> 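This structure is in structure tokens; I'll ask about it shortly.
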Amino acid sequence: MSESVTFRFEVDGSDFTSAGQASVLVKKHLRQLGIDPEIIRRVSIAMYEGEINMVIHAGGGEAFVTVSEEDITILLSDKGPGIADIDKAMQEGYSTATDNVRSLGFGAGMGLPNMKRYTDSMDIKSEVGVGTDITMKVNLI
Amino acid sequence: MMTVAKLCEVANLCTIVCPEPEREIKGAYCGDLLSWVMGRAKSSDVWITIMSNINILAVASLADVACVLLSEGVKPDEELVKTAEQKGINILASDKTSFELAKLIGALI
Ligand SMILES: Nc1ncnc2c1ncn2[C@@H]1O[C@H](COP(=O)(O)OP(=O)(O)OP(=O)(O)O)[C@@H](O)[C@H]1O
Ligand SMILES: [Mg+2]
């Protein structure tokens, strides 16, 4: 009965200067759908952190954002190196970012914790050498 | 109500680009590590930073800050200015330290 809409984005892993573009577009789309500004802020920040991680750590990937009546679901999928120890990666301050990336202001090890903080649920499925799928949900009701 | 244009004038800051001069300012956040800013800055804050690479624009837009304030005499490059203008992001600058700027803004809002 309830209709949902899905946006799909390709995240380019080679271009740092345009990193974050998908998240900025999501913000725009959600605004057009009339979603509450605080919800938009949470969704777009969580997505940004995931998008940047795909650029920095996984060479790019795909993002899907589905808006239903009940919630907004963000799925980030990459075929990067995977995360060996998810618990460790979730810790504030843990980062494997290179010096080059750190000089741009990334690499504080706060991205995954932010994603958890700003969403109502978060699930990470990752296999070393295969890739990473992260699903996050923000409730609308 | 404190706005970006008013702050600029009262605090004698340099306007780099100001496509949204009437944006309200409600607070401030100092930080250079992007994920800290994403996690801690609030909507309508002044974001005081020494970071001036192009990635600050997406952060400013998504964290929904009122403006970016480049401190310590940091100079933005042309590409940053051009893109900020297109994206509607306010950028100010000053030679003062981040601490001095935070103190100044704290006294004004
Ligand atoms: N999509 C991914 N593929 C492979 N490894 C990842 C991925 N996302 C995160 N990681 C690993 O988890 C670590 C922690 O990620 P997190 O986003 O918290 O910090 P960061 O990206 O290193 O720094 P920050 O997000 O603060 O700029 C990363 O340093 C990286 O080792
Ligand atoms: Mg990260």
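A quick note: this is a predicted structure, and the numbers were derived from the prediction, not measured. The chains referred to below are lettered A, B, ... by the order of the sequence lines, with proteins before strands, and numbering in each begins at 1.
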> Quick check on the hydrophobic clustering: are B/Ile56 and B/Val4 connected, directly or via other members, by side-chain heavy-atom contacts under 4.5 Å?
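Unlinked, B/Ile56 and B/Val4 end up in two clusters.
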> Which residues in residues 22-35 of chain B have a heavy atom less than 4.5 Å from any heavy atom of chain A?
B/Asp32, B/Leu33, B/Leu34, B/Ser35
> Should we count CD of A/Glu70 as having more than 12 external heavy atoms under 6.0 Å?
yes
> Should B/Leu57 and B/Ile48 be counted in the same cluster of Ile, Leu, Val, Met, Phe, Trp and Tyr side chains packed under 4.5 Å apart?
no
> What distance do B/Asn53 atom CG and A/Leu104 atom CG have between them, rounded to the nearest 0.5 Å?
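The CG atom of B/Asn53 sits 4.5 Å away from the CG atom of A/Leu104.
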> Taking non-hydrogen atoms and a cut-off under 4.5 angstrom, which of residues 113-136 of chain A neighbour chain B?
A/Asn114, A/Arg117, A/Tyr118
> Side chains of residues 25-39 of chain A: which donor-acceptor partners sit under 3.5 Å, not counting sequence neighbours?
| unit_1 | atom_1 | unit_2 | atom_2 | d |
| --- | --- | --- | --- | --- |
| A/Lys27 | NZ | B/Ser61 | O | 2.7 |
| A/Asp36 | OD2 | A/Glu38 | N | 3.2 |
| A/Asp36 | OD2 | A/Ile39 | N | 3.3 |

> Is there a path of hydrophobic side-chain contacts, each under 4.5 Å between heavy atoms of I, L, V, M, F, W or Y residues, that connects B/Ile89 with B/Ile54?
yes
> Apply ring-ring contact (aromatic ring centres under 6.0 Å, His included) to B/Phe99 and list each qualifying residue two or more places apart in sequence or on a separate chain.
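Once residues adjacent in sequence are excluded, B/Phe99 has no partner under the ring-ring contact (aromatic ring centres under 6.0 Å, His included) criterion.
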> Counting only non-hydrogen atoms closer than 4.5 Å, does B/Met38 touch chain A with its backbone (N, CA, C, O), its side chain (CB onward), both, or neither?
both
> Answer with side chain, backbone, both or neither: which region of B/Thr83 has an atom nearer than 4.5 Å to a non-hydrogen atom of chain A?
neither
> Under the side chain to side chain contact (heavy atoms under 4.5 Å, CB included) criterion, do A/Tyr48 and B/Val59 qualify, and how do the steps go?
CA-CA 8 Å; A/Tyr48 174 82; B/Val59 173; 3.5 Å; yes
> Determine whether A/Phe64 and A/Leu76 fall in the same hydrophobic cluster, where Ile, Leu, Val, Met, Phe, Trp and Tyr are linked whenever their side-chain heavy atoms lie under 4.5 Å apart.
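They do not share one cluster, since no chain of ILVMFWY contacts under 4.5 Å joins A/Phe64 to A/Leu76.
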> Count I, L, V, M, F, W, Y as connected when their side-chain heavy atoms are under 4.5 Å apart, and connections chain through other members. Are B/Val81 and B/Val74 then in the same cluster?
yes
> Between A/Gly105, A/Ser23, A/Gly109, A/Ser103, which shows the greatest number of heavy-atom pairs under 4.5 Å with chain B?
A/Gly105
> If you round to the nearest 0.5 Å, how far is CZ of A/Arg42 from CG of B/Leu62?
15.0 Å
